[in-house]
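In the text below, chain A, chain B and the rest are named by the order of the sequence lines, each starting its count at 1.
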2 protein chains.
Amino acid sequence: MVRGVRSPGSAERRPPTITDVAARAGVSKGAVSFALNGSAGVSEETRAKIVAAAEEIGFRPNRAARSLSRARTEVIGLVLNRPMRTLGVEPFFGQLSAGISTELAANGHSLQTFTVHSVADELEVYRRWWHEQRVDALVIMDPVPRDRRISLVREVGMPAVVIGAPSVAGRLSHVWADDAHGMQQCLEHLVSLGHRRIGHVGGTPSYAHTRRRTAVLTDALDAGRFASLATVTTDFSDTAAAEATRELLDLPVGDRVTGIIYDSDVMALAGMRALQEAGVSAPEQVSVLSFDDSLLTRLTHPPLTALSRDTFDFGVLVGRAVIATLADPEHVVSVEAAQPTLVVRDSTGPAPRRGVARRSAHRRSGAQETP
Amino acid sequence: MVRGVRSPGSAERRPPTITDVAARAGVSKGAVSFALNGSAGVSEETRAKIVAAAEEIGFRPNRAARSLSRARTEVIGLVLNRPMRTLGVEPFFGQLSAGISTELAANGHSLQTFTVHSVADELEVYRRWWHEQRVDALVIMDPVPRDRRISLVREVGMPAVVIGAPSVAGRLSHVWADDAHGMQQCLEHLVSLGHRRIGHVGGTPSYAHTRRRTAVLTDALDAGRFASLATVTTDFSDTAAAEATRELLDLPVGDRVTGIIYDSDVMALAGMRALQEAGVSAPEQVSVLSFDDSLLTRLTHPPLTALSRDTFDFGVLVGRAVIATLADPEHVVSVEAAQPTLVVRDSTGPAPRRGVARRSAHRRSGAQETP
DNA sequence: AAGGTCGACTAAACCGATATAGTGCAGAAA
DNA sequence: TTTCTGCACTATATCGGTTTAGTCGACCTT
């Protein structure tokens with residue numbers, strides 16, 4: 001018996017299919033497909049009719065069906081290989097992936113991310129994704145020389161974009177920032193403030209970009225731009241950075257550094273804390289400089305001088321490179337991001353006249369010295 | 001002309017399909033499907049033969065094809081609605097999503113995330129994902145009372161898991177942490193140290209968990225557990241937190257707080273910096289407590305006392321709830337996570353004898369007072 | 001008027017899986 | 001011996017799209 005109440009089951013249980021649209025518009029499935037994809041084969045009149053019908057019932061093509069027949073998923077994969085502990089603290093990654101997926105979304109694609117803790121796992125994920133045809137392309141981060149991931153990708157013919165310099169991209173499309181130039185700026189800043197003994201807390205030594213950064217410093221040292229260099233590499237973790245900082249503070253007096261460059265913001269933060277605990281003040285006794293900028297660098301006291309690059313924008317460039325590579329897999333896209341700029345805040349200042357005495361009580365704030 | 005060199009095109013161009021496996025094992029497609037999915041219909045002998053053939057050619061079922069015929073994608077969606085600026089700095093989200101996707105991966109599912117900047121966008125993403133059948137289920141964060149997302153999800157009948165208390169989950173499956181209990185601990189800690197005037201820098205006021213936390217404090221105030229409470233709500237941003245901190249410092253002397261509870265670690269960091277800039281030292285003049293623990297709380301000086309919950313594990317619970325909900329959509333799963341524990345570090349200490357003078361020069365470090 | 005071309009559309013094949021209906025064949029029951 | 005039951009397997013329909021091969025009528029040509 002029909003009642004005067006609204007049907008309780010009025011909710012749309014199953015999303016409408018192309019067949020529903022076809023029925024509603026009184027045409028065939030094929031016509032709907034042509035109309036909605038802008039292909040030839042339907043008159044403008046019926047196209048409008050079909051579009052209207054589709055909108056009325058809220059039709060959206062089923063991804064699986066579309067992927068199956070088109071043999072592309074419009075999904076791009078990105079694997080993050082990071083130690084568990086640091087996970088999610090690196091602002092870099094959040095910004096980057098937001099930038100990538102924003103650009104991809106604008107082109108009807110989406111980003112699939114996955115976190116692993118070893119290279120072997122990462123390779124396995126790549127293989128699985130490829131065999132399952134889960135992604136159309138990959139974004140490869142932190143390349144190393146003779147990277148196994150790059151070999152794999154080339155072997156199976158997967159489209160990919162490498163975040164790294166041309167030299168390590170292995171003839172794959174790539175997007176990179178000129179780390180050398182950035183490091184130059186950091187160095188110039190310290191040198192112009194009179195610093196002659198410089199410390200560098202680097203990242204993972206195998207990473208190509210870590211090597212590039214270090215090379216800039218050693219080259220400048222060789223060229224006599226400053227007196228001494230102490231480089232310590234780490235695994236990008238906070239604990240390693242703190243330990244590295246303590247090592248730098250423990251150097252013999254003659255080599256004691258007056259300025260430290262950290263390869264990431266998290267490491268710079270950890271370093272700042274290690275300095276404070278050792279009773280060393282920044283920038284009075286040691287100047288601190290971060291190679292990455294983010295909210296974090298503004299949350300310390302004093303706020304950190306940092307090399308600022310728009311990571312979100314960088315992600316957008318990566319997304320764009322992916323789209324271009326998919327459009328023409330033969331063409332190797334090479335994009336260099338805008339030069340980073342050094343944002344001078346309060347953690348860097350003039351070099352103190354003498355070396356820093358560890359755990360010293362006497363502050364010599366604002367000491368001036370001509371370079 | 002055939003040369004004696006290895007074929008350059010030896011790379012596997014297209015992943016093998018079920019048909020390839022069938023051909024290799026000398027059986028039909030159906031038999032392969034049965035064998036590989038553990039269904040009845042093949043003898044153990046042929047099953048072994050088929051499994052061997054599949055492994056030999058490295059067969060993995062095409063996701064799109066499987067999704068289409070099974071009408072499930074084995075993908076779970078999670079939309080993050082955060083302001084651009086904070087993006088990627090909240091360690092909470094990275095840990096959470098890693099936990100979720102780890103648990104999902106163990107069950108053959110994967111997590112798809114997307115970042116938006118408004119509720120409207122978030123709803124639109126949900127609608128699109130559902131209509132495109134891109135995800136099997138959703139994870140909904142930061143519920144508010146009468147949440148539009150929850151209405152939508154129930155309306156179209158999408159399986160979902162809410163991260164939030166039963167009261168706001170709207171009869172959907174949910175995983176929650178007892179914020180009330182955590183806040184109790186924070187409060188007890190401060191009260192036991194002799195603090196009588198307490199400040200609270202809360203998160204987004206519309207969020208249900210923000211309300212719960214605040215309610216605990218007002219209830220305790222009404223019960224006479226301490227003398228005065230100053231609550232400021234924010235949008236979880238660092239700038240809002242800094243501003244809120246300054247407001248608390250500007251209170252008239254009689255109401256001036258001696259302990260501040262921050263609803264997130266990023267806010268606590270921003271607050272610490274605001275205190276330092278105002279010349280207020282922690283914990284001597286003001287004790288600082290963070291409701292979230294992460295690497296960040298250990299990167300400040302002094303390290304922050306914080307309410308520690310294993311966010312990765314929390315994510316695992318969420319993943320498990322999703323799997324359970326998919327297995328039986330009728331059954332509402334309700335999971336309460338383990339109680340958080342208060343990790344006492346150096347940012348909290350005994351309450352000073354008198355109110356804090358703003359920008360005061362005289363430090364009264366280590367002042368003792370009996371509660 | 002017969003044949004040819006073109007536009008607009010339909011019918012049907014196809015993508016690669018899963019799931020159901022059907023087919024032999026062996027052994028058990030009548 | 002005949003019929004029935006069950007097992008192991010094959011053939012085929014199906015998911016919801018895209019795409020190719022046809023179909024049909026209108027208009028053009030000569």
Open item on the list: Whether the side chain of Asn107(B) engages the backbone of Leu104(B) through a donor-acceptor N/O pair (distance < 3.5 Å, no angle test) should be reported.
Closed with: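 Pair absent, no side-chain N/O of Asn107(B) close to backbone of Leu104(B).
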
Open item on the list: As an exercise, state the distance from CZ of Arg148(A) to OH of Tyr126(A), rounded to the nearest 0.5 Å.
Closed with: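 Going from the CZ atom of Arg148(A) to the OH atom of Tyr126(A) covers 12.0 Å.
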
Task: Spacing of CG belonging to Leu96(B) relative to CG belonging to Asp313(B), to within rounding of 0.5 Å - done: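 Answer for the CG-CG pair, Leu96(B) versus Asp313(B), is 11.5 Å.
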
Provide, to the nearest angstrom, the distance between the [atom1] atom belonging to [X] and the [atom2] atom belonging to [N].
X         : N       : atom1 : atom2 : answer
Glu44(A)  : dC9(C)  : CD    : C1'   : 15 Å
Arg134(A) : dG16(C) : CZ    : P     : 17 Å
Asp20(B)  : dA17(C) : CG    : P     : 8 Å
Glu45(B)  : dC7(D)  : CD    : C1'   : 14 Å

- [ ] May I ask you to say whether Arg60(A) pairs ionically with Glu55(A), meaning some side-chain N is under 4.0 Å from a carboxylate O?
- [x]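 Salt bridge between Arg60(A) and Glu55(A), a charged N being under 4.0 Å from a carboxylate O: no.
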
TODO: Flag the pair Arg63(B) and Glu74(B) as a salt bridge only when some basic side-chain nitrogen lies within less than 4.0 angstrom of an acidic carboxylate oxygen.
DONE: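 The answer is yes: the pair qualifies as a salt bridge.
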
Open item on the list: Taking 4.0 Å as the cut-off, does a side-chain nitrogen or oxygen of Thr46(A) come that near to OP1 or OP2 on dC9(C)?
Closed with: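 Affirmative; the distance criterion is met.
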
Open item on the list: Base contacts versus sugar-phosphate-only contacts with protein, heavy atoms under 4.0 Å: please encode nucleotides 11-22 of chain D as B, S and - from 5' to 3'.
Closed with: ----BBBBBB--

In a table with atom names and distances, give each donor-acceptor pair under 3.5 Å that connects a side chain of residues 29-40 of chain B to protein atoms at least two apart or in another chain.
from     : atom 1 : to       : atom 2 : distance (Å)
Ser33(B) : OG     : Asn37(B) : ND2    : 3.4
Asn37(B) : ND2    : Ser33(B) : O      : 3.0

